[in-house]
*Asks:* 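For reference, the structure I am asking about is given below.
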Number of protein chains: 2
Amino acid sequence: MQPEQPSARTVGRGAKVRAAVHAAALAELVDKGYAALSVENVALRAGVHKTTVYRRWKDRESLLTDALGEHLAMDIPVPDTGAVETDLRALARSIVQTLTGPTGQAVLAAMFTGAAHLPEIAEARRHVFDDRLTRAEPVVTRAVRRGELPEGTDPAELLKTLAAPIYLRLLIAADPVDETTADRAAHITLAAARAGALRAPAS
Amino acid sequence: MQPEQPSARTVGRGAKVRAAVHAAALAELVDKGYAALSVENVALRAGVHKTTVYRRWKDRESLLTDALGEHLAMDIPVPDTGAVETDLRALARSIVQTLTGPTGQAVLAAMFTGAAHLPEIAEARRHVFDDRLTRAEPVVTRAVRRGELPEGTDPAELLKTLAAPIYLRLLIAADPVDETTADRAAHITLAAARAGALRAPAS
């Protein structure tokens, strides 16, 4: 006899519960902060029993890391409009959208309400940031190939320059962050890159 | 009879206790984080009795806000070297020094260990940031007057562009932050400003 396999229906239900608990965990994080986050409240919000949560995640830390990891891993499309100016604007706008949307809010809440000390959260933040940098690199290499940017322009430097003013406004200055922020970031970055200020640092 | 005046010795001792308790509060914040911060441990570290602390501050929140407020208010010299390039480099280096020094560490610890939700902390962060922007404005206006930067260059935009990559590295990318970071930030900002990308946004 074969070992019992979960039926399609069970798998479907499992995925649904998982998604509901993830969403509830992120929503609780945004509303109450990390310090007040409890498995009980997450279960209540997701409409499941707390033993259902504990069966899948051993504690709130692993639940949170799992929920954030899944949402952060979602693909962000890398623009390829044929011109560096429109590519950078599209990239900056997608950074703004992510950071001001539900996932971004949850990540910021995790960082600023006491979860930042969890090594998994710090690691996830770095990893996701590095991963996005790497995936956006073609925007820069294509622009150099088309002769729009100087030879030797460093993709990582350029993309950090693009992201920096958006993060600063959101995290420190508490200024509004919108499409204008994105377009200005793209404009500044392009000017610096064209002037050759974003070449790889001499090592 | 006159009301009793504190003697010079009492005042001197009061200021000393205040400074010691402030320093202990910031050190505890950096070492243990906000969630674990207790008046007992601060008193122990400062070498005073906890009633001495409670006589001056009603709880850990007001102690922390007071300690951070005092340290954040410390004057940062605004450079005036006669050339925009060296002025911006000096400014960027002083941002790096502040953020990587004991006060900066304490501020970051406050932000990332659960104290960010305290309205006083959020307000202090914004206030200090705005205050520094305002005080550094002459660096930009002098450069425009000397003809080193285009007419209409916006001081706040320029200074945010200067600070942004430093904060990004420290908060998100977790890259090392040092004089090279500062010099690159100055270089990028200058290139963007000279290209006219840091003019005031059209409103």
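Note on naming: letters A, B, ... go to the chains in the order of the sequence lines (proteins, then strands), and numbering restarts at 1 for each one.
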*Asks:* Say you draw a straight line from NZ of A/Lys160 to CD1 of B/Ile188; how long is it, rounded to the nearest 0.5 Å?
*Replies:* 10.5 Å
*Asks:* Which value, rounded to the nearest 0.5 Å, describes the distance between A/Leu198 atom CG and B/His187 atom NE2?
*Replies:* 8.0 Å
*Asks:* Looking at B/Ala185, B/Ala192, B/Ala193, B/Ala163, which makes the most heavy-atom pairs under 4.5 Å with chain A?
*Replies:* B/Ala192
*Asks:* Could you tell me whether the side chain of A/Leu168 reaches within less than 4.5 Å of the side chain of B/Leu168, counting heavy atoms only?
*Replies:* no
*Asks:* Side chain, backbone, both or neither: which part of B/Arg169 has a non-hydrogen atom closer than 4.5 Å to chain A?
*Replies:* side chain
*Asks:* Under 4.5 Å from any heavy atom of chain A, what part of B/Ala195 do you find: side chain, backbone, both or neither?
*Replies:* side chain
